[in-house]
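Taking it in order: structure first as structure tokens, then the write-up.
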Amino acid sequence: MAEYLDANISGEELLEAQAHVWSYSFNYIVSMALKCAVELGVPDAIHRHHAPTASLPALASSLQLDPSKTEPLRRLMRLLVHAGFFTTTTDEEEDEEVRYSLTTATKLLLRGQGPASAFLLLQLDPKTITSWGALSAWFQFSSNPVPYEAGHGGVSFWECMEKDPRQKKSFYDAMVGDSKLVAGVLVSECKEVLEGVESLVDVGGGTGAMAVAIAKAFPKVKCTVFDLPHVVANLKEGGGDDVVKGLENLEVAGGSMFEKIPHADAILLKWILHNWNDEKCIDILKCCLEAVFGDGKKKGKVIIIDMVVGNKAAVEKQELYGVQLCFDLLMLASYNGKERDEKEWETLFKVAGFSGYKIVGSLGPRSIIEAYP
Ligand SMILES: C[S@@+](CC[C@H](N)C(=O)[O-])C[C@H]1O[C@@H](n2cnc3c(N)ncnc32)[C@H](O)[C@@H]1O
Ligand SMILES: COc1cc(-c2oc3cc(O)cc(O)c3c(=O)c2O)cc(OC)c1OC
């Protein structure tokens, strides 16, 4: 036994530890195999198939792969079945051939219509992966609080994105996909959040996907998409993925959430505060408070869709807790932002001047938090 190991460790425990290291060393291979399947169009080919399942030869032929790639495809699919992205059945009465079908997760990865495919491709973009490779150098040598900026000559993620149309498109495609998915759940299963709300501003609303969904589902709510002027510049003229144009109860406003936010009785902050450190969050929240006060009356609320690290959902489902911790590291690396636990949220609201808050629902690893003036 090597001297650095405790003499009491059994051989079984040692080999299990080795497999644990292997498993985490290989995690990216599963991610890359999934990216490969999405790029090949495997989910789409199964979806297009005349039956809800597809055999390996049918799949290979639909993907127009050379016959020599059929066996490698079987091995790719075996890994992704193990990871929960496809299921298999065998028709014993017919040909005993294995047939693949989609799971709910792979339905989210259909090209064009799948709300999570842009997110997957964004996380696995060579640029994103390269920035993770520089994290240890940032810990050791950088005085810039934002790892992303340290690797980009002091330029922020938002500024870099403006100079790189491909990165900008992939970022907003990922955000739009997520907003469509979350908006669908919000308007059908969490309607009470918008009960009694007459006007709403979606702060940092990007290209408007969330506000469009709310405006369509709640025609009596006057909605506004608010983001930096260049982000919302041509939304009214029909830019963006959603039809902002033509919706009577939807306005577009450009400005900065650090300066002035238009008045409304509900201010929505979806996936905003985790991008910022505590000081910046307090500035944003103070601006929100002014926006809901508007006519001087203490009414209205700020609705926040973000993670509450270690919440009940995460305690009950370990995978959700893992997602929260990965997002926290992504926010650290990209913006010096963070995912917050309930105590940290409570402190932010108190310091910004809110009278109270309530966690009113959960959306997978994220929560819906209401903060009151
Ligand atoms: C992570 S995205 C979230 C977008 C959208 N809420 C969603 O969940 O899909 C953050 C948004 O904040 C916007 N943003 C950044 N700085 C801002 C500022 N000073 N004022 C208003 N919006 C800002 C960005 O343009 C971007 O659309
Ligand atoms: C486009 O390249 C990068 C994207 C991100 C980034 O930022 C996010 C911000 C959010 O509020 C929510 C998110 O889900 C995300 C992301 O998923 C995400 O990938 C971060 C980067 O810097 C590390 C990027 O540059 C490479």
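Each ligand, and each atom within it, is numbered from 1 in the order the structure gives. Excluded from the calculations below are hydrogen atoms, water molecules and symmetry mates; all remaining heavy atoms, backbone and side chain alike, are included. Position 1 is the first residue of the sequence, and the numbers go up from there.
- By the 4.0 Å heavy-atom criterion, Asp178 is excluded from the residues contacting ligand 1.
- Here the shortest heavy-atom pairing between Val232 and Ala253 reads CG2-O, 3.7 Å.
- In summary, the atoms of ligand 1 found under 4.0 Å from a heavy atom of Phe171, numbered by their order in the structure, are 1 (C), 2 (S).
- Under the 3.5 Å distance criterion, with hydrogens and angles disregarded, no donor-acceptor pair is assigned to the side chains of Gln167 and Asp125.
- At least one heavy atom of Gly255 sits closer than 4.0 Å to an atom of ligand 1.
- Close approach to Asn275 involves these atoms of ligand 1, each under 4.0 Å from a residue heavy atom: 1 (C), 10 (C).
- When Leu330, Thr128, Leu122 are checked for heavy-atom proximity to atom 26 (C) of ligand 2, Thr128 turns out nearest.
- Few gaps surround NE2 on His230; more than 12 heavy atoms of other groups in view lie less than 6.0 Å from it.
- Counting protein heavy atoms only, atom 19 (N) of ligand 1 is closest to Ser256 OG, 3.1 Å.
- Listed by atom number, the atoms of ligand 2 under 4.0 Å from Phe171 heavy atoms are 7 (O), 8 (C), 9 (C).
- In this structure, the separation between CG on Asp178 and CE on Met175 is 7.0 Å, given to the nearest 0.5 Å.
- At under 3.5 Å, a nitrogen or oxygen of Met257, whether backbone or side chain, sits near a nitrogen or oxygen of ligand 1.
- Of the candidates Lys270, Glu162, Lys168, Lys270 brings a heavy atom nearest to atom 7 (C) of ligand 1.
- A heavy-atom distance below 4.5 Å is found between the side chains of Tyr321 and Leu325.
- Contact record, Asp44 with Arg111: OD2-N, 3.0 Å, taken as the closest heavy-atom pair.
- Close approach of ligand 1 to Val231 (heavy-atom distance below 4.0 Å) involves ligand atoms 25 (O).
- Atom 7 (O) of ligand 2 has its nearest heavy-atom neighbour, among Phe157, Trp271, Tyr335, in Tyr335.
- Atom numbering of ligand 2 starts at 1 in the shown order; those under 4.0 Å from a heavy atom of Phe327 are 13 (C), 14 (O).
- By the 4.5 Å heavy-atom criterion applied to side chains, Phe327 and Lys338 are not counted as neighbours.
- In terms of protein heavy atoms, atom 18 (C) of ligand 1 is closest to Leu228 CD2, 3.4 Å.
- Looking from atom 9 (O) of ligand 1 to the surrounding protein, the closest heavy atom is Ser179 OG, 3.0 Å.
- Looking at atom 23 (C) of ligand 2, its nearest protein heavy atom turns out to be Ser334 OG, 3.3 Å.
- Against a heavy-atom cut-off of under 4.0 Å, Trp158 is close to the following atoms of ligand 1: 10 (C), 24 (C), 26 (C).
- Neither the backbone nor the side chain of Met161 has any atom closer than 4.0 Å to an atom of ligand 2 (non-hydrogen atoms only).
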Starting from the C-alpha separation in whole Å, work towards a yes-or-no answer on ring pair (Phe, Tyr, Trp, His ring centres under 6.0 Å) for Tyr28 and Trp132.
CA-CA 12 Å; Tyr28 82 98; Trp132 282 113; over 10 Å; no
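- Using a 4.5 Å heavy-atom cutoff, the side chains of Leu56 and Val98 are not in contact.
- Ring orientation note: the planes of Tyr148 and Phe157 are nearly perpendicular, at an angle over 60° on the 30°/60° scale.
- Closest to atom 13 (C) of ligand 2 among all protein heavy atoms lies Met175 CE, 3.5 Å.
- From the protein, the heavy atom lying nearest to atom 11 (O) of ligand 2 is His274 NE2, 2.5 Å.
- In this structure, of Asp227, Asp202, Asp306, Leu273, the residue bringing a heavy atom nearest to atom 24 (C) of ligand 1 is Asp227.
- The line from CG of Leu200 to NZ of Lys222 is 10.0 Å long, rounded to the nearest 0.5 Å.
- Remark: minimum distance from atom 17 (O) of ligand 2 to any protein heavy atom is reached at Gln123 NE2, 2.5 Å.
- The proximity of Val176 to ligand 1, defined as any non-hydrogen pair under 4.0 Å, does not occur for either the backbone or the side chain.
- In terms of protein heavy-atom proximity, atom 22 (O) of ligand 2 is nearest to Tyr148 CD1, 3.2 Å.
- For the 3.5 Å distance criterion, the side chains of Ser362 and Ser367 fail to qualify, holding no donor opposite an acceptor.
- At a cut-off of 3.5 Å, with distance as the only test, a side-chain donor of Thr106 or Thr103 sits close to an acceptor on the other residue.
- Every atom of ligand 1 is numbered from 1 in the order shown, and the set under 4.0 Å from a heavy atom of Gly206 is 27 (O).
- Taking a cut-off of under 4.0 Å to the non-hydrogen atoms of Asn275, the atoms of ligand 2 that pass are 9 (C), 10 (C), 11 (O).
- The nearest heavy-atom contact from the protein to atom 2 (O) of ligand 2 is Gln167 NE2, 3.3 Å.
- Not a single heavy atom of Lys168 sits under 4.0 Å from any atom of ligand 2.
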Assess whether salt bridge (charged side-chain N to carboxylate O under 4.0 Å, His left out) is satisfied between Asp278 and Arg340, documenting all intermediate values.
CA-CA 10 Å; Asp278 289 351; Arg340 296 175 167 86; 2.8 Å; yes
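- In this structure, Phe258 and Trp276 have perpendicular ring planes: the angle between them is above 60°, well past the 30° mark.
- Using a 4.0 Å cut-off to heavy atoms of Ser131, the atoms of ligand 2 that qualify are 23 (C).
- Taking only non-hydrogen atoms, the option from Gly205, Gly204, Ala253 nearest to atom 6 (N) of ligand 1 is Gly204.
- Comparing Trp271, Tyr172, Phe258 against atom 26 (C) of ligand 1, the shortest heavy-atom distance belongs to Tyr172.
- The shortest distance between side-chain heavy atoms of Ile368 and Leu186 falls below 4.5 Å.
- When side chains are defined from C-beta on, Phe354 counts as touching Val302, because their heavy atoms get closer than 4.5 Å.
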